[in-house]
Enquirer: 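Before I ask anything, let me first share the structure, which is written out below as structure tokens.
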Amino acid sequence: MINLEVLTDKVNIIAREVGSFIREELGKVQQYQIVTKDHNSLVSYVDQEAEKMLVTGLKKLIPNSGFITEEDTVDHYDQEYTWIIDPLDGTTNFLYNIPHFSTSIALKHKDELVIGVINHIMGDELYYGWRNGGAFMNGRDIKCASTEDLSASIIATGFPYAANYNQKPYFEMMSVIMKEARGMRRFGSAALDMAFVANGRFTAFYETSLNPWDVAAGIVICKEAGAQVCDYFGQDSYYNGKSIIVANDQIIKQLSNYTAKFFDQKDIPNT
Ligand code: IPD
Ligand code: CA
Ligand code: CA
């Protein structure tokens, strides 16, 4: 049986090493080294090299583990233990020299997420947690916000990249939150948005059209920090990131009432 606490320590070391590499490359990527994967979805050698470093390091920790990664530098396959990795979450920020991006690493055992690590590289904040072990930032316990009051809450969100999608439900939802909450943020790294929910900076985060590597680590850390997680329809199909809300149990009820009111599954673009 794997000791999750010991394993998390080792993952943290790898996350920090990869973070140093990414930090070193900030501001160095040339235009010709940027590839457009899809409309508004960019990638460079930094994402790819970081992912290779992670795969090499993590494979050594659990030799027969599987991988689900954003940049496809390794074949995707599920094993008893599977790593779910976004080497650089917030690539657009990174490429525009905006110091807000992260590395997100999760471990799944069979169907259960058991470890989450998110490195806020430029903030020198390492967030991590493991199942039933708690959530931490740089060695300190963290807890999600306890306020039940939207008017005292900062709410984070993001928007789909797709060129043509029905923007109406996104604007309708935002117009309610803009009125009711203290403020809204769109920072550009879903993993960091979730880390900031875990330590109470943001009271909630909601977004659609994400992927498992955007949310897996955040799910573990947020749950361990006391937050609830659901999809836009109040159900638990959030692991794939198609729609997700994280917040304490009172705020998540309020937000999921709005998302269920404004959104229909068919309005949510696939990634
Ligand atoms: C993106 C970020 C962003 C979210 C996008 C993601 P990437 O990830 O998490 O905040 O709004 O939907 O794709 O492409 O920078 O890894
Ligand atoms: Ca991402
Ligand atoms: Ca990424």
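Ligands are counted one by one from 1 in listed order, and the atoms in each one are counted from 1 as well. If you're wondering where the values come from, they're calculated on a predicted model, not measured in any experiment.
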Enquirer: Using distance alone, with no hydrogens and no angle criterion, decide if Thr203 and Thr147 have a side-chain donor and acceptor under 3.5 Å apart.
Expert: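 Thr203 vs Thr147: no donor-acceptor pair found between side chains.
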Enquirer: Whether Arg23 and Asp124 form a salt bridge (side-chain N of Lys/Arg under 4.0 Å from carboxylate O of Asp/Glu) is what I want to check.
Expert: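 Looking at Asp124 and Arg23, the cut-off is met.
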Enquirer: What is the total of protein N/O/S atoms that are closer to the Ca ion (ligand 2) than 3.0 Å?
Expert: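 My tally for this metal is 3.
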Enquirer: Could you check whether Tyr206 and Phe263 have their ring centres less than 6.0 Å apart?
Expert: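 For Phe263 and Tyr206, the ring centres are not under 6.0 Å apart.
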Enquirer: Which protein residues come within less than 4.0 angstrom of ligand 1, counting heavy atoms only?
Expert: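 Residues within 4.0 Å of ligand 1: Glu70, Asp86, Leu88, Asp89, Gly90, Thr91, Tyr161, Arg186, Gly188, Ser189, Ala190, Glu207, Leu210, Asp214.
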Enquirer: By the definition side chain to side chain contact (heavy atoms under 4.5 Å, CB included), identify the one residue from Asn199, Ile142, Val246 that meets it with Ile221.
Expert: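 One option only clears the test, and that one is Ile142.
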Enquirer: Between the side chains of Lys168 and Asp267, is the shortest nitrogen-to-carboxylate-oxygen separation below 4.0 Å, so that they form an ion pair?
Expert: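 Looking at Asp267 and Lys168, the cut-off is not met.
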Enquirer: Could you walk me through whether Phe94 and Val46 satisfy the side-chain contact (heavy atoms from CB on, under 4.5 Å) test, starting with their C-alpha distance in whole Å, then the side-chain angles of each, then the deciding distance to 0.1 Å, before giving a yes or no?
Expert: CA-CA 10 Å; Phe94 176 82; Val46 179; 3.8 Å; yes
Enquirer: I'd like to know if Arg201 and Glu125 make a salt bridge, using a cut-off of under 4.0 Å between side-chain N and carboxylate O.
Expert: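 So Arg201 pairs with Glu125 through a salt bridge.
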Enquirer: NZ of Lys60 to OG of Ser65: how many Å apart, nearest 0.5 Å?
Expert: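 Answer rounded to 0.5 Å: 12.5 Å.
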Enquirer: For a quick check under 3.5 Å, do Asp231 and Ser243 share a side-chain donor-acceptor pair by atom type?
Expert: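 Per modelled atom types, Asp231 and Ser243 side chains form no pair under 3.5 Å.
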